[in-house]
Amino acid sequence: MTETQTGTTAEQTSKIPTLLTHIALPVRDLGATLAFYERYTNLAVIHERHDPETDLRTAWLANERDRTTDGAARFVIVLIEGKLPTKITGDIQEQYGFLTSISHLGLSLDSREEVDRIAEMAKEEGCLLLGPMYRNEVVGYICIVTDPDGNNLEFSVEQVLG
């Protein structure tokens with residue numbers, strides 16, 4: 001094994017420690033998106049706010065087991081609704097549906113029956129993108145569903161991380 005593979009190079013040992021805390025997604029209609037996530041997941045809203053300076057509305061979603069205290073969690077999905085405040089964001093353009101193609105949020109389920117149930121519900125509602133299907137021992141049994149802004153969510157079981 002090389003030094004790079006073992007992770008013991010001088011560059012790696014001097015890096016600033018980081019912790020992945022959130023992913024932020026712009027949404028067109030926060031209410032509709034929250035209703036979608038409530039229907040398809042058990043993610044809970046742990047924080048909501050309206051910023052009077054920018055007029056942006058946000059909601060933070062988290063897994064119950066990721067919560068640390070009321071209003072806090074180790075990892076959240078931040079949903080942001082509103083027109084970008086150009087005095088703050090400059091020339092950044094508004095775009096929706098970042099998690100497209102093979103980009104997605106991954107959500108783990110407990111059984112193939114649960115994946116099938118999500119897939120059937122999404123098929124009936126016109127938002128099933130792929131599956132359900134078994135891919136292999138790494139990917140497991142999956143289906144992919146799109147949220148109201150076109151972001152992909154992969155629901156899986158039998159998927160090993162790491």
Side-chain angles (χ1 to χ4, degrees), residues 11-110 114-132 139-140 142-157 159 161-162:
E11 179 185 335
Q12 287 176 329
T13 57
S14 65
K15 287 187 178 183
I16 297 170
T18 60
L19 177 65
L20 184 62
T21 60
H22 69 278
I23 184 169
L25 299 173
V27 301
R28 290 179 185 92
D29 181 337
L30 186 59
T33 302
L34 288 175
F36 171 88
Y37 280 85
E38 183 177 337
R39 180 160 170 74
Y40 281 89
T41 76
N42 66 347
L43 295 170
V45 175
I46 64 165
H47 177 76
E48 279 189 80
R49 75 186 196 102
H50 172 257
D51 183 333
E53 180 185 359
T54 63
D55 204 32
L56 295 175
R57 291 180 54 219
T58 61
W60 296 8
L61 302 176
N63 284 307
E64 186 60 39
R65 62 182 169 216
D66 284 336
R67 291 179 77 155
T68 55
T69 61
D70 285 345
R74 289 187 295 271
F75 183 82
V76 297
I77 298 170
V78 180
L79 303 174
I80 307 168
E81 175 196 81
K83 183 163 176 46
L84 289 177
T86 54
K87 67 181 180 184
I88 296 171
T89 61
D91 294 333
I92 296 174
Q93 297 297 307
E94 290 180 35
Q95 295 180 20
Y96 299 89
F98 289 102
L99 298 175
T100 60
S101 181
I102 61 170
S103 300
H104 59 272
L105 295 175
L107 295 121
S108 179
L109 299 175
D110 290 330
E114 289 176 342
V115 174
D116 290 341
R117 188 166 52 100
I118 292 285
E120 184 59 34
M121 189 168 60
K123 183 176 181 181
E124 289 171 7
E125 296 176 6
C127 59
L128 179 65
L129 182 64
L130 181 70
V139 177
I142 65 168
C143 74
I144 299 178
V145 175
T146 56
D147 77 9
D149 289 288
N151 293 300
N152 294 332
L153 286 78
E154 176 191 84
F155 294 89
S156 68
V157 68
Q159 193 172 84
L161 301 179

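Everything numeric in this text was worked out from a predicted model, so none of it was measured.
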Mind listing the closest non-hydrogen atom pair of [X] and [Y] along with its distance?
X      : Y      : value
Cys143 : Pro132 : CB-CA, 4.0 Å
Glu94  : Tyr96  : OE1-OH, 3.4 Å
Glu48  : Val45  : CG-CG1, 3.5 Å
Ala59  : Leu34  : CB-CD2, 3.9 Å

ring-ring contact (aromatic ring centres under 6.0 Å, His included) partners for Tyr40, two or more places apart: Phe36
Donor-acceptor contact present, side-chain [X] to main-chain [Y], <3.5 Å:
X      : Y      : value
Gln93  : Asp91  : yes
Gln159 : Val139 : yes
Thr54  : Leu56  : yes
Asp51  : Glu53  : yes

Any side-chain heavy atom of [X] sitting closer than 4.5 Å to one from [Y]?
X      : Y      : result
Met121 : Leu128 : no
Asn63  : Asn42  : yes
Phe155 : Ile142 : no
Arg67  : Ile46  : yes
Ile77  : Leu43  : yes
Asn152 : Leu105 : no
Leu153 : Ile144 : no
Thr41  : Leu107 : yes

What is the distance from atom [atom1] of [X] to atom [atom2] of [Y], rounded to the nearest 0.5 Å?
X      : Y      : atom1 : atom2 : answer
Ile23  : Leu79  : CD1   : CG    : 10.0 Å
Arg57  : Glu81  : CZ    : CD    : 4.5 Å
Leu20  : Arg74  : CG    : CZ    : 12.5 Å
Leu61  : Phe75  : CG    : CZ    : 10.5 Å
Glu154 : Ser108 : CD    : OG    : 10.0 Å

Glu120 bridged to Lys123 by N-O distance under 4.0 Å: no
Which donor-acceptor pairs under 3.5 Å do side chains of residues 24-33 form with protein atoms, sequence neighbours excluded?
residue: Arg28; atom: NH1; partner: Asp149; partner atom: OD1; Å: 3.0
residue: Asp29; atom: OD1; partner: Gly31; partner atom: N; Å: 3.1
residue: Asp29; atom: OD1; partner: Ala32; partner atom: N; Å: 3.1
residue: Thr33; atom: OG1; partner: Asp29; partner atom: O; Å: 3.1
residue: Thr33; atom: OG1; partner: Asp149; partner atom: OD2; Å: 3.4

Residue pair His104 / Asn151, side-chain donor-acceptor N/O under 3.5 Å: no
Residue list, side chain to side chain contact (heavy atoms under 4.5 Å, CB included) with Ile102, at least two apart or on another chain: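 Counting only residues at least two positions away or on another chain, Ile102 forms no side chain to side chain contact (heavy atoms under 4.5 Å, CB included).
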More than 12 heavy atoms of other groups within 6.0 Å of Glu125 CD: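 Enclosed.
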